[in-house]
Novice: 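Pasting a structure here, questions to come.
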Amino acid sequence: MGQLNRRALLRQLQKLGVASRAELAKALGMSQPTAGKIVDELIATGVLEEIEVAEAGGAETGVRGRPGRKLRLNQSRSRLLAIQLGLQETTVARLSLGVPPADEWHFTFALAQTEAQPARAWETSLRAAARAIGGRDFLGVLLSVPGIVDETANRILFSPNIHWTEKADLAKIVRRVWDLPVLLVQEERALALGHHLAHPECEDFLLVDFGEGVGGAIIVAGRPLANPLPISGEIGHTPVLGNPRQCGCGAVGCMETLVSLRGLLESFAAATRGKKHSWSQLREHIAAHGIEPWLAHPLDAAATAIAGALNVLGLRRVVITGSLTELPAAVLAHLARAVQDGSMWARFGRVECVAAPRRRTAGLIAVGIDRLIVPDSPPKKDFPKNGAPKVGRVKFSC
Ligand SMILES: [Zn+2]
């Protein structure tokens, strides 16, 4: 019960941002002594901090205890280390437990595409990151990775765009650099949890991220959708009829080969007599010419897959992050219209398709709090196979 109460209290505080002890006890339906005891314990361990908040009107409220003193998740100390492994580069950040206003990375490195021993080179670069980042106050490391990730077993099963990560034990590599618990988090899942943390009122949605690949994640009732296999949201690998492009996953015709950064640049080049262009040239071209057929087709393919997911999952809200949000607004408007055309719910109800910034670090903080600070079972320094606590299967009513 203690752990459930702690978790409920932390979730409530994430939602409220700042709250007094009395407000927390009331919102959770706990007695004030129970809530107070949990709060004291979480302050002692550096998870929460007390701050002075000016009361409305500046007057003493007469409330017994500590008028004007409120609680929030500790924003004064870096308690978590985040690593984002991407196709082009790896970024590293120190994180406090508060929700950051935007993603901010403190160290970035890239491996050569021709690197013969990528795992070893990655470890060497991480050591450089450790020297630059410093700090020994971390509770653990959250590692955001693409591909099919078994978060329970802490390993990557399949990675269409970074195959070397399937064989390398990434958690072990990171532990050799930082002797701390390491948790692998599927990258779109981190984005979806981050979006939810930044917008707690947004409880049910499909997030689709466009970038080097196209992936999704599903949040239902504020939690990642529980499903039997360690795979979900792989919307980018929906086949598009007549699309001859080879995908990194081994199949032919996947939607992401059309709408990823590379896919769009390829179509743009083909439409402009094979000339290679940059992403900013593509953006300027769209601003000047609108949605031409070379762009409409990939967008319609993406919308078809998204609408299919909405129809199957029973969702009516889509959050779009990543490269498509950097393009002129007409692009998102076209996609949103096509999603509505394919959604059954839109025939009589409202289907939303909104753009949002990537909130990856916020998502990693949410996972860190859930699995390192208030885990189902005590955190182990060395998560063995099958030994890591489960995530996303426990449902709380706050
Ligand atoms: Zn594919």
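When a ligand or atom number is given, it counts from 1 through the structure's own listing order.
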Novice: Decide side-chain hydrogen bond (donor to acceptor under 3.5 Å, both in side chains) for E187 and S144; before the verdict, give the C-alpha distance in whole Å, the side-chain angles of both, and the deciding distance to 0.1 Å.
Specialist: CA-CA 5 Å; E187 60 175 10; S144 160; 4.7 Å; no
Novice: For residues 204-221, please give each side-chain donor-acceptor pair under 3.5 Å, one per line with the distance, not counting sequence neighbours.
Specialist:
unit_1	atom_1	unit_2	atom_2	d
D204	OD1	A221	N	2.7
D209	OD1	T321	OG1	2.7
D209	OD1	R358	NE	2.8
D209	OD1	R358	NH2	3.4
D209	OD2	R358	NH2	3.3
E212	OE1	L87	N	3.1
E212	OE2	Q88	N	3.4

Novice: Sequence neighbours excluded, which residues qualify as side chain to side chain donor-acceptor pair (under 3.5 Å) partners of T34?
Specialist: S31
Novice: Quick check: does any side chain N or O of N74 sit under 3.5 Å from a backbone N or O of E49, one acting as donor and the other as acceptor?
Specialist: no
Novice: If the condition is salt bridge (charged side-chain N to carboxylate O under 4.0 Å, His left out), which residues does R337 pass it with, not counting sequence neighbours?
Specialist: none
Novice: Close to the Zn ion (ligand 1), meaning under 2.8 Å, how many protein N, O or S atoms are there?
Specialist: 4
Novice: Kindly state whether the ring of F268 and the ring of W294 have centres lying under 6.0 angstrom apart.
Specialist: yes
